[in-house]
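Reviewing the structure listed below.
When a residue number appears, it is its place in the shown sequence, counting from 1. Numbering of ligands and ligand atoms starts at 1, following listing order.
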Amino acid sequence: MLRSALLTAARSPGLRSAAEHSALTRPIVNRFVAGEQLDSALAVARELAADRLVSMDHLGENTEDRAQADAATEAYLALLDRLGAEGLAAKVEVSVKLSALGQSLPGGGPALATDNAARICARAHTEGTTVTVDMEDHTTTDANLESVRELRRDWPGTGAVLQAYLRRTEADCAALARPGSRVRLCKGAYDEPASVAFRERREVDESYRRCLRVLMAGEGYPMVATHDPALIQHAGELGAARDFEFQMLYGVRPEEQRRLAASGHRMRVYLPYGSAWFPYFMRRLGERPANVMFFLRSFASRH
Ligand code: FDA
């Protein structure tokens, strides 16, 4: 229930604007977000890249006008130029949300977002890195997978994301477990109805295991995005004889990230930055009551 309330709040424009403009929330948010500016984010990425891989996300979603979609695209192009210029491209890729690139704009939004993503993929290719297309709420799953299919025609290294909480995902895993196909498997972070998604934690975890088995038995490149110790162990066993990577969010279980990297696993950290952090941050609170307590304690201590 708390999760649903937080995810509803995540969509509130009023709360979003108040939070993003408040200096009080900033230090708390910094646990999960690498600053508002590209320079501060690159400094964090460089540090992480000493022992891990990174996927950088320029925060933003549900863009409401063309100018915002263009600005988000330009922000990624500038990021990729810096990754190339600073020698980080071998270890740092980017994650994009199609809704930030214009997907929900009326009159051809999905095509606009795919075109913008194609510009980002082209620049990533020039600089020597890759792009992964984040997955958003279930109303966008088909459009996102269609965009990934299109992008992969020219840039086969483009990563897809599948969410184990969706009932459809085991079948999507089977369809995507093809040679060269990079697939990030996560549990899913949105508040989805029972008609399309498993809502019980046990069901989601079981689905994750089934999906993992399909990806690990397939010919693609599984990217195991979870902080869940039981699933991490299961992935380690299933993937012992093959190529795959673990992924975790910046600020979540950093010691475990370092441990996995030190034990020889490929470990990638999802690193968001930028000023539009509110929905991302609220999804992190929704995942873990301890994060809400951390937030409230830090907030109270600043008053
Ligand atoms: P869950 O939240 O169920 O936690 C399972 C267990 O992990 C906990 O019981 C605890 O043991 C441990 N744990 C979790 N957080 C911890 C903490 N802070 N400290 C200590 N232990 C902790 N979602 C989406 O819908 N679309 C997307 O594109 C992405 N992309 C993405 C990329 C990457 C790299 C990651 C890691 C995640 C995403 N997600 C996502 C988010 C994902 O769907 C999910 O919401 C979160 O990863 C939380 O789920 P967990 O698998 O970690 O399990």
Please tell me if the side chains of [X] and [Y] come closer than 4.5 Å, counting only heavy atoms from C-beta onward.
{"X": "Met56", "Y": "Leu42", "result": "yes"}
{"X": "Arg242", "Y": "Pro222", "result": "yes"}
{"X": "Val96", "Y": "His58", "result": "no"}

Closest non-hydrogen protein atom to [atom], residue and atom name please, with distance?
{"atom": "atom 17 (C) of ligand 1", "answer": "Arg288 NE, 3.2 Å"}
{"atom": "atom 41 (C) of ligand 1", "answer": "Arg284 NH2, 3.7 Å"}
{"atom": "atom 23 (N) of ligand 1", "answer": "Cys186 SG, 3.5 Å"}
{"atom": "atom 11 (O) of ligand 1", "answer": "Pro229 CD, 3.5 Å"}
{"atom": "atom 37 (C) of ligand 1", "answer": "Leu249 CD2, 3.7 Å"}

Is [X] in polar range of ligand 1, meaning some N or O pair under 3.5 Å apart?
{"X": "Gly188", "answer": "yes"}
{"X": "Glu287", "answer": "yes"}
{"X": "Ala225", "answer": "no"}
{"X": "Lys187", "answer": "yes"}
{"X": "Met135", "answer": "yes"}
{"X": "Arg184", "answer": "yes"}

Less than 4.0 Å between a side-chain N and a carboxylate O, is that true for [Y] and [X]?
{"X": "Arg259", "Y": "Glu256", "value": "yes"}
{"X": "Arg268", "Y": "Glu245", "value": "yes"}
{"X": "Arg52", "Y": "Glu47", "value": "no"}
{"X": "Arg283", "Y": "Glu287", "value": "no"}

Check each of [options] against [atom] and report the one with the nearest heavy atom.
{"atom": "atom 25 (O) of ligand 1", "options": "Glu256, Gln163, His227", "value": "Gln163"}
{"atom": "atom 8 (C) of ligand 1", "options": "Met248, Arg201, Glu192, Arg253", "value": "Arg201"}
{"atom": "atom 50 (P) of ligand 1", "options": "Thr226, Leu185, Val133, Ile232", "value": "Thr226"}
{"atom": "atom 34 (C) of ligand 1", "options": "Gln247, Lys97, Arg31", "value": "Gln247"}

If we set the cut-off at 4.0 Å for heavy atoms, which region of Glu245 has an atom near ligand 1: side chain, backbone, both, or neither?
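No part of Glu245 is near ligand 1 at this cut-off.
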
Select one of side chain, backbone, both or neither to describe which atoms of Tyr190 lie under 4.0 Å from any atom of ligand 1, heavy atoms only.
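Tyr190 to ligand 1: side-chain contact only, backbone stays beyond 4.0 Å.
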
Which heavy atom of Thr158 sits nearest to which heavy atom of Val148, and what is that distance?
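Heavy atoms of Thr158 and Val148 come nearest at O-CG1, 4.5 Å.
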
Candidate pair Tyr270 and Thr132, rule side chain to side chain contact (heavy atoms under 4.5 Å, CB included), full reasoning:
CA-CA 11 Å; Tyr270 185 97; Thr132 294; over 6 Å; no

Numbering as shown, the atoms of ligand 1 that approach Asp134 to under 4.0 Å (heavy-atom distance):
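Matching atoms, with element in brackets: 28 (O).
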
Whichever hydrophobic residues join Val183 through chains of side-chain contacts under 4.5 Å:
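Besides Val183, the hydrophobic cluster comprises Met135, Leu145, Val161, Leu162, Leu176, Leu185, Tyr208, Leu212, Leu215, Met216, Val224, Leu231, Ile232, Leu238, Phe244, Phe246, Met248, Leu260, Met267, listed by chain and residue number.
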
Aromatic ring proximity His138/Tyr190, centre distance under 6.0 Å:
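Ring centroids of His138 and Tyr190 are no less than 6.0 Å from each other.
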
